[in-house]
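Only one structure is covered here, and it is reproduced in the block below.
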Amino acid sequence: MGVLEEMSELLQKGKANEVKALVQKAIDEKIDAKRILEDGLMSGMNIIGEKFKNNQVYVPEVLIAARAMNQGISILRPLLVQAGVQARGTVILGTVKGDLHDIGKNLVKMMMEGKGLEVIDMGTNVPAEKFIASAKEKNAKIIACSALLTTTMTEMKNVVEAAKTEGIRDQVTIMVGGAPVTDSYRESIGADIYTPDAASAAERAAAVFG
Ligand code: B1M
């Protein structure tokens, strides 16, 4: 088995130390940083994302795989910067105002990063104006909002309205998700994309950047 294939498999098992060591081994073998990222780390994370979507693995497995991915990336990052590998695009992500649930949001973040996107994580309890200010500041193409409470999902409408007021509605794709959110809710508030899980959120976000 090649070093990248082994890296992908160990990442899926969440073996952070081994993944880290294999990234170093691949660097020592002069494998291109972009290939290590795409064919080793992202390849493993994509498989986990697919399995998560199909209920073949669950939250803990995704979290440990993501931890392994982050460890691998930490070694690779300086080389990627040197090689000028650009993030495919920037996403502003947060859990909406009044809502402190962040486990699902963190999964969305990991999956999006696994697709090579830069994710600005605004944390929890994020008011609409903050999403918009950050999108403007970072020139982000996507605003992604998570909500777990029926009482807080209404803040997503405020995000859409604030984007209009601030004149950036046609420049940003607004994604929504979280347990109480549905596609018909998305439609009713005028947001662009609803996805039921983190893996499909990452897929749809990556597709926005082509
Ligand atoms: Co809370 N809580 N909670 N809670 N909590 C729920 C959500 C609840 C359903 C429990 C229940 O009553 N059965 C209920 C909501 C009822 C409702 O409104 N319909 C509830 C409540 C009522 C509350 C409090 C009000 C309780 C109280 O204080 N009386 C309170 C509110 C605090 C606040 O936010 N202001 C509260 C507090 C908490 C804790 C702090 C204790 C803790 C959160 C810890 C944390 O997140 N750091 C907590 C937890 C853990 C839960 C449950 C048990 C689990 C949520 C979770 O993390 N699931 C939850 C009950 C349940 O779901 N069984 C519950 C795992 C996670 C991976 O799933 O976040 O849905 P989820 O993410 C999914 C998808 O939704 C999707 O991707 C993920 C899977 O791939 N997704 C997106 C999420 N965001 C997305 C964004 C996208 C796309 C997909 O695009 C942008």
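Numbering of residues begins at 1 and proceeds along the displayed sequence. When a ligand or atom number is given, it counts from 1 through the structure's own listing order. Keep in mind it's a predicted model, so treat the numbers as computed, not measured.
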Look at [atom] and say which protein heavy atom is nearest, naming residue and atom and giving the distance to 0.1 Å.
{"atom": "atom 80 (O) of ligand 1", "value": "A198 N, 2.8 Å"}
{"atom": "atom 65 (C) of ligand 1", "value": "I103 CG2, 4.4 Å"}
{"atom": "atom 4 (N) of ligand 1", "value": "H101 NE2, 2.7 Å"}
{"atom": "atom 76 (C) of ligand 1", "value": "P196 O, 3.5 Å"}

**Study point:** Of E5, Q12, E6, the residue whose pairing with S8 passes side chain to side chain contact (heavy atoms under 4.5 Å, CB included)
**Key:**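 Among E5, Q12, E6, the one meeting side chain to side chain contact (heavy atoms under 4.5 Å, CB included) with S8 is Q12.
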Review point. So is there a nitrogen or oxygen of S146 less than 3.5 Å from a nitrogen or oxygen in ligand 1?
Key: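 There is such a contact, yes.
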**Study point:** Under 3.5 Å: N/O of K105 near N/O of ligand 1
**Key:**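 No; the residue has no nitrogen or oxygen that sits under 3.5 Å from a nitrogen or oxygen of the ligand.
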Review point. Just wondering, are more than 12 heavy atoms of other shown residues or ligands nearer than 6.0 Å to CZ in R204?
Key: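 Not buried by this count: 12 neighbours or fewer within 6.0 Å.
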Review point. Are side-chain heavy atoms of V3 and E29 found at a separation under 4.5 Å?
Key: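 Of all side-chain heavy-atom pairs linking E29 with V3, at least one is under 4.5 Å.
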Review point. Going from CG on D183 to OH on Y194, what distance comes out if it is rounded to the nearest 0.5 angstrom?
Key: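 So the CG of D183 and the OH of Y194 are separated by 7.5 Å.
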Exercise for review: Number the atoms of ligand 1 from 1 as they appear, then name those within less than 4.0 Å of a heavy atom of D99, with their elements.
Suggested key: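 Those qualifying, in numeric order: 34 (O).
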Check your understanding: Which of the atoms in ligand 1, numbered in the order shown and given with their element, are less than 4.0 Å from a heavy-atom of G178?
Key ->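 Listed by number with element, the hits are 75 (O), 81 (N), 82 (C), 83 (C), 84 (N), 85 (C).
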Point to revise | Test item, Y194 contacting ligand 1 (heavy atom, 4.0 angstrom) | key: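 Contact check Y194 vs ligand 1: negative.
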Practice item. Flag the pair R169 and D192 as a salt bridge only when some basic side-chain nitrogen lies within less than 4.0 angstrom of an acidic carboxylate oxygen. Key: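 Salt bridge present between R169 and D192.
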Point to revise | Sub-4.0 Å protein heavy atom near atom 33 (C) of ligand 1 | key: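 Yes, because at least one protein heavy atom sits under 4.0 Å from atom 33 (C) of ligand 1.
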Check your understanding: Given the rule in the side-chain hydrogen bond (donor to acceptor under 3.5 Å, both in side chains) test, do E161 and T165 qualify, once you have shown the distances and angles that lead to the verdict?
Key -> CA-CA 6 Å; E161 294 308 318; T165 315; 5.8 Å; no
